[in-house]
Amino acid sequence: MKYAFVPSPLANSHGLTVAVETVLYDLLGITPNASEDEIKKAYRKKARDIHPDKNRDDPNAATKFQEMAAAYEILSDPDTRVLYDEGGMEGLQGGRSGGPSMDDIFAQFFTGGSGGFSFGFDMGGGPSRFGRQNDSVLPHEVTLEDLYNGKTVKMNMEKQVLCSSCKGSGAKGHAKPKQCSTCEGSGRAYIKTQLPGGQMAVSPQRCEACKGKGENLREKDRCKKCKGSGTVKEKTRQEIFIEKGMADQQRIVLAGAGDEEPGVSAGDVVFVLKVLPHDSFERNGNDLLVKVKITLSEALLGFSRILLTHLDGRGIKVTSPPGKIFQPDSTIVIRGEGMPIYKRPDTKGDLFVLFEIEMPSEDWLRSVDQQALANLLPPKKPEIQPEPKIVDEANFEEIDRDAINDEDWEDEDDDEGDTFDDYAGGGPAEPECRQQ
């Protein structure tokens, strides 16, 4: 535990300074004498520097961020800061009437019990109990090209900001709010609910008349610009940078760009990437997969041509080695032509090319000397030996391959739980590739 000596008002009756716990101040990199503005600036800087999205190589990044955010929640609220300054973390345990307990404080940020933490901010859009507006989480659709090449996106957004006329008080001039007559200043209303058996349960909820504040302004005392709410809507121009190699569901955080509310600091705007399906490529980690059609002639005699157009518009030319015959479903790999690796865009994964042999058409077959073609091709397969005693001549009809549902043909043993391969790293099959 670290301690520091600070001047009055924390001096004792003899005029000597007393020791004060400074762990929360240390987490933000500030002194116990820091002003509210200094605390806010320190939080925003720390949020940018130690955010888990920017420190993916640090396994403790999430915990460090959570601890720093918890420190800010306590120190940014004047009431909880006084409790902490006077008694440290122990002083927060109900040291004052109505003050939050230790469980209240940390339940607001961390869940999961011993051994691990998970961030516990409610993403519902309202302010938290201890001085910080909740984050706004927005999905953002991107293409595979965006993730391969990187992209800067500029957008117009509307956010809630403090009213410039009343500075967030909601009041006209020097008018003061009055105690709410509905909840009598408690900020809570009690709702009765009938339970099975005829019993009644009473549960506390936020008072809607005063929005949980315990007081409100009379109509004539309200600011004309914000109608007493303390906030107005404002259009802003935001910019996010989609970095090369980012992944589906990755988060881009704009610290402090969220809605503002009187008495609390602005939350973050969090964009969650949603990758749209691609017509040709499939991504598997840092690797790419693509299916390419080649002709029967190319499968037998080789090729030297542009096989595909890459995600950055480049043509990828491949020359097969002399004498190489490509079987159906043959696969080649082109090293270093996969996805850029996140934060290391000069390094790329691999590109897997799956070949599909395109058979000639019946019109082509009728246009050539079939006997001469038969003499060039390998001989047909002989009859099955030994030949069955009974042989039936069967008729057939062609159907679309897609009409066969593979799931209906799975072995019954496949449904009997996990296999050894599942535990040994076999995992699911590679994703299907779309036609190039």
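Treat the numbers as computed from the prediction; the structure is a model and nothing was measured.
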Please check this pair: side chain of [X] against backbone of [Y], looking for a donor-acceptor N/O pair closer than 3.5 Å.
{"X": "R81", "Y": "L83", "answer": "no"}
{"X": "Y84", "Y": "L24", "answer": "yes"}
{"X": "K348", "Y": "G338", "answer": "no"}
{"X": "D287", "Y": "D350", "answer": "yes"}
{"X": "N149", "Y": "L311", "answer": "yes"}
{"X": "D268", "Y": "G256", "answer": "yes"}

Assess the residue pair E208 and R206 against the criterion (salt bridge (Lys or Arg N to Asp or Glu O under 4.0 Å)); give the C-alpha distance rounded to whole Å, side-chain angles, the decisive distance to 0.1 Å, and a yes or no. CA-CA 6 Å; E208 290 302 319; R206 186 181 75 161; 3.7 Å; yes
Compute the ring centroids of F326 and F303, then answer whether they are less than 6.0 Å apart.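 Yes.
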Side-chain donor-acceptor pair present, N33, Y25, cut-off under 3.5 Å: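 Short answer, no.
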Does a side-chain heavy-atom distance below 4.5 Å link D248 with R283?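 The answer is no; the side chains never approach within 4.5 Å.
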Can you list the steps and then say if K225 with S164 is a side chain to side chain donor-acceptor pair (under 3.5 Å)? CA-CA 9 Å; K225 184 175 181 179; S164 60; 2.7 Å; yes
Look at D37 together with K41 and state whether they make a salt bridge at an N to O cut-off of under 4.0 Å.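 No salt bridge links D37 with K41.
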